[in-house]
Amino acid sequence: MSKVLVIADHDHGVLKKLTLNTVAFAGHYAEKTAGSFDIAVIGHGVAGVAQAVTSYGAAAVHLVDHPDLAHPLAGPWAKVIADLATAIGADVVCMSASSIGKDVLPRVAVRLQAGMASDVVEIVTTSEGLAFRRPMWAGNLMGDVIISSPTKVVSVRSAAFDAVALGAGSSPIVASSAHPDAAGARVHFVSFDGTASSRPDLAEASVVVSGGRGLKDRFNSVMEPLADILGAAIGASRAAVDDGYAPNDYQVGQTGKVVAPQLYFAVAISGAVQHLAGMKNSKVIVAINKNADEPIFKVADYGLVADAFVAVPELVSKIKLLRA
Amino acid sequence: MKILVSAKRVSDPNAKLSISGDRRWIEGDVEYVMNYFCENAIECALQLAEEHGDIETIALGIGESDETARFIRQGALARGIDRGILVVADEQTTDSDLIARIYAAVVEREQPDLVLIGKQAVDGDSNQVGQLLAEYLGWPQATFASKLERDGDQLVVTREVDGGLETLALSLPCVVTADLRLNEPRFAPLAGIMKAKKKPLEELELSDLELDDAQPKVRIVHMSAPAGRKAGMIVKDVEDLIAKLRGEARVL
């Protein structure tokens with residue numbers, strides 16, 4: 001019997017939907033090991049998040065609320081997660097491979113003397129026990145890994161697990177006694193500069209439109225109308241980000257975000273290996289590029305060989321007409 | 001001040017990779033490159049040294065003896081890092097945790113004030129070593145750094161996180177992991193390549209580091225190619241694209 005502990009992702013008190021993908025992973029693991037899962041909500045003033053996750057099948061929801069946890073600093077967060085995991089006897093601790101999950105989970109692993117598997121996309125049964133399947137080499141190879149330590153830590157690739165649906169049950173909320181060290185911290189939060197956007201979150205959007213370097217300083221004027229008409233999140237290739245045409249948190253790929261929306265537009269993107277690693281599991285891929293030889297056309301369901309500066313505005317106005 | 005930087009050799013994810021016969025690793029004519037993020041870490045160390053002076057920079061590489069030594073010399077020492085340390089280990093049987101414990105043992109010997117590591121190695125793609133090391137040492141960390149400034153015993157680091165940029169202030173000693181936009185890595189000058197041949201490069205065995213247990217906690221038991229994706233069709237024009245997306249794909 002296993003006990004899985006899911007760490008909820010939230011943005012200063014607002015539950016992030018990708019928590020429900022992590023819960024799906026935990027549910028699969030619990031099912032395969034005749035176990036159960038709990039959810040932990042960590043932060044300050046986050047009782048609302050705890051309430052929001054009580055209807056997804058967790059045996060318990062642990063609330064760790066402390067002023068020193070208001071910003072997700074890796075050290076204090078790792079301490080309370082490890083203390084809570086020990087207190088409830090968790091043998092798997094998991095969180096999405098969000099920027100917080102990536103930052104915090106390895107420190108949790110050290111505290112629990114656990115091995116960690118990053119970006120897990122599947123739980124695989126092997127002759128040597130349950131293994132975690134994860135992409136390596138920019139997703140060109142998949143590795144099934146076995147963690148030999150009694151406690152295991154996993155970061156979950158959200159796009160690989162369908163979010164769990166709201167259930168009827170109501171998990172009890174337990175106020176945890178886990179708390180950060182009182183000793184003077186040697187790291188302090190200074191500021192957060194958010195990318196202002198009214199669009200859906202890139203990691204959670206059902207439509208993503210990404211632009212490449214070829215759009216140059218017309219990146220926004222080409223991509224924004226397309227995102228507006230489709231209700232899409234905007235992404236970008238690494239090259240477009242490196243050259244300053246798009247902000248860094250737009251980056252889709254091996255070293256950026258991994259997305260798997262229902263519909264993905266790659267506009268003026270060549271399709272380098274590291275970009276494909278971030279989007280090739282999208283359900284329907286559309287590529288618009290003026291060069292028919294680009295590798296993006298090898299993964300696209302629908303390719304349009306055309307100048308993006310002409311084709312995208314035409315696409316936008318035609319969709320507008322359809323919806324008028 | 002002393003800075004320890006990572007110099008990891010990786011098999012190029014852009015090259016063609018073959019799975020070995022036992023399906024537990026890769027084989028064949030593998031092309032190696034310096035891990036992109038380590039190049040950013042090395043550049044950051046060099047810029048700090050140039051700006052503040054009186055900083056010793058040390059590059060750590062872990063892997064097979066000859067090849068890793070060559071990468072430390074060409075990728076780090078030739079660019080201006082003062083000296084190198086090579087820990088001989090088999091890359092197939094070292095997981096992120098064992099690498100972090102090797103780093104911790106080297107930190108114990110060298111007592112650096114700052115460890116700069118690439119945020120992830122583009123072969124294993126785990127993105128763990130810097131964070132693991134920070135916890136082993138009980139040091140603060142700033143991962144995914146896109147900007148770093150030193151202010152006395154403090155570092156002010158801007159991090160690339162979901163939804164924007166976060167800035168942290170850390171006291172030394174600490175661990176920082178480098179992201180791509182931290183800087184523009186320089187090329188090694190010809191004179192640097194000549195000088196690198198004469199720079200000290202210490203070679204250590206795992207047994208020299210007195211680890212409690214030199215075993216990995218995570219091992220690969222099977223490797224496979226990802227499910228393929230077939231190329232679709234080329235549509236005639238925008239009109240045709242809209243028709244396909246509305247009709248057969250039903251996504252518009």
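This is a predicted model, so every value here is computed, not measured. So that the names make sense, note that chain A is the first sequence line, chain B the second, and so on, each numbered from 1.
When the heavy atoms of residues 292-299 of chain A are compared with those of chain B, the residues falling under 4.5 Å are Phe297(A), Lys298(A), Val299(A), listed by number. Along residues 147-155 of chain A, the residues that come nearer than 4.5 angstrom to chain B, judged on non-hydrogen atoms, are Ile147(A), Ser148(A), Ser149(A) in order of number.
Sorted by first and then second residue, the pairs that involve residues 231-241 of chain B and meet salt bridge (charged side-chain N to carboxylate O under 4.0 Å, His left out), not counting sequence neighbours, are Lys318(A)-Glu239(B), Asp240(B)-Lys244(B). Pairs passing the salt bridge (charged side-chain N to carboxylate O under 4.0 Å, His left out) check and including a residue from residues 275-292 of chain A, sequence neighbours excluded, do not occur.
Heavy-atom distances place both the backbone and the side chain of Gln141(B) under 4.5 Å from chain A.
Residues Val238(B) and Ala311(A) share a closest heavy-atom pair of CG2-O, 3.7 Å. For Met223(B) against Leu141(A), the heavy-atom pair with the smallest separation is CE-CD1, 3.8 Å. In terms of heavy-atom proximity, Thr255(A) sits nearest to Leu180(B) at OG1-CD1, 3.8 Å. Scanning all heavy atoms of the two residues, the minimum distance from Asp162(B) to Phe192(A) falls at O-CZ, 4.1 Å. When every heavy atom of Gln128(B) is checked against every heavy atom of Ser118(A), the shortest pair comes out as NE2-OG, 2.8 Å. The minimum heavy-atom distance between Asn248(A) and Arg181(B), with the atom names listed, is CB-NE, 3.4 Å.
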Exercise for the section: Starting from the C-alpha separation in whole Å, work towards a yes-or-no answer on side chain to side chain contact (heavy atoms under 4.5 Å, CB included) for Glu128(A) and Arg219(B). Expected result: CA-CA 11 Å; Glu128(A) 297 170 65; Arg219(B) 64 200 160 84; 2.9 Å; yes
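Between the Asp125(B) side chain and the Pro135(A) main chain, no donor and acceptor come within less than 3.5 Å of each other.
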